[in-house]
**Student:** 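Here you go, one structure.
Whatever order the structure lists them in is the order used to number ligands and atoms, beginning at 1. Numbering of residues begins at 1 and proceeds along the displayed sequence. Computed from a predicted model, the values in this text were never measured in an experiment.
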Amino acid sequence: MSSILFLYSTVDGQTLKICRRLQALAEQAGHRATLADLEQDAGIDLAPFDKVVVGASIRYGKHRPQVAAFMRARRAALEAKPSAFFSVNIVARKPQKSAPDTNPYVVKFLRRIGWRPRQVAVFAGKLDYPKYGFWDRQVIRFIMLLTRGPTDSAAVVEFTDWAQVDDFGRRVAAM
Ligand SMILES: Cc1cc2nc3c(=O)[nH]c(=O)nc-3n(C[C@H](O)[C@H](O)[C@H](O)COP(=O)(O)O)c2cc1C
């Protein structure tokens with residue numbers, strides 16, 4: 001049995017939903033799993049955990065700055081134990097951009113922080129037009145128009161492939 005910390009950086013909750021699923025999987029497999037908000041609990045003590053998993057969503061081309069800041073500040077502790085990273089974004093709904101080495105945000109982010117977690121994953125997120133403010137909705141609709149996604153302003157579409165999440169959960173348990 002190991003103790004796993006899942007740290008999430010989310011705006012609309014999809015990354016947290018994925019972490020909750022990973023937590024449930026880990027607990028079913030007999031591990032202890034703890035969830036924490038990376039932005040609110042950036043000072044969390046990593047020592048009590050055997051493994052650390054960081055999940056972060058993309059907004060306007062970037063993970064939130066706290067994610068890279070956390071990795072920079074905690075690099076020694078993170079490198080001392082098995083750790084994993086996953087990114088959540090809407091571009092990952094495209095099969096050719098759905099892997100860690102083909103998703104542009106993940107490739108760029110890992111290159112920039114210069115740290116290679118033991119496991120990396122990328123999951124397609126959720127589109128929720130009714131939840132967005134006016135300008136965000138217009139921008140996302142325009143991007144969807146360009147990339148042939150849903151443009152109906154009432155659309156709510158969860159692109160997350162839960163089988164992929166489960167597979168990542170098994171890899172995390174085994175690392
Ligand atoms: C304002 C806004 C900007 C976004 N920008 C991007 C983007 O640049 N690239 C992308 O792939 N997805 C983008 N997304 C999609 C989010 O990454 C996706 O909705 C994800 O599920 C959000 O995860 P969260 O709920 O954990 O924050 C954007 C979403 C919103 C609302």
**Student:** Can you check whether T160 reaches V165 side chain to side chain, under 4.5 Å on heavy atoms?
**Tutor:**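 A side-chain contact under 4.5 Å exists here.
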**Student:** Knowing that exactly one of K17, R59, K126 qualifies, which makes a salt bridge (Lys or Arg N to Asp or Glu O under 4.0 Å) with D12?
**Tutor:**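 Of K17, R59, K126, salt bridge (Lys or Arg N to Asp or Glu O under 4.0 Å) with D12 is met by R59 alone.
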**Student:** Please indicate whether R137 has more than 12 foreign heavy atoms, meaning atoms of other residues, nucleotides or ligands, lying under 6.0 Å from its CZ.
**Tutor:**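 Yes.
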**Student:** Under a 4.0 angstrom heavy-atom cut-off, which atoms of ligand 1 come close to S57?
**Tutor:**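 Selected atoms, number and element: 22 (C), 23 (O), 24 (P), 26 (O), 27 (O).
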**Student:** Under 4.0 Å from any heavy atom of D12, which atoms of ligand 1 are there?
**Tutor:** 24 (P), 25 (O), 27 (O), 31 (C)
**Student:** What atoms of ligand 1 come closer than 4.0 angstrom to any heavy atom of G61?
**Tutor:**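 Numbered from 1, ligand 1 contributes 7 (C), 8 (O).
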**Student:** Any N or O on V11 sitting closer than 3.5 Å to an N or O of ligand 1?
**Tutor:** yes
**Student:** What part of I58 sits under 4.0 Å from ligand 1 if we count only heavy atoms: the side chain, the backbone, both or neither?
**Tutor:**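 The part of I58 near ligand 1 is both the backbone and the side chain.
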**Student:** One thing to verify: whether D152 and R141 come together as a salt bridge, which I'm taking to mean a side-chain N less than 4.0 angstrom from a carboxylate O.
**Tutor:** no
**Student:** Of the protein's non-hydrogen atoms, which lies at the shortest distance from atom 24 (P) of ligand 1, and what is that distance?
**Tutor:**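 Sorting protein heavy atoms by distance from atom 24 (P) of ligand 1 puts T10 OG1, 3.3 Å first.
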**Student:** Of all the non-hydrogen atoms in the protein, which one sits nearest to atom 12 (N) of ligand 1, and at what distance?
**Tutor:**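 Scanning the protein heavy atoms, the shortest distance from atom 12 (N) of ligand 1 goes to I90 N, 3.2 Å.
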**Student:** Could you find the nearest protein heavy atom to atom 29 (C) of ligand 1 and give me its residue, atom name and distance?
**Tutor:**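 Nearest protein contact, heavy atoms only, for atom 29 (C) of ligand 1 is I140 CD1, 3.8 Å.
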**Student:** At what distance is the nearest protein heavy atom to atom 5 (N) of ligand 1, and which residue and atom is it?
**Tutor:**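 Nearest neighbour among protein heavy atoms for atom 5 (N) of ligand 1, to 0.1 Å: Y60 N, 2.8 Å.
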**Student:** Looking only at distance, does Q14 have an N or O less than 3.5 Å from an N or O of ligand 1?
**Tutor:** yes
**Student:** For the atom pair CZ (F123) and OG1 (T15), what is the distance rounded to the nearest 0.5 Å?
**Tutor:**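 Between atom CZ of F123 and atom OG1 of T15 there are 10.0 Å.
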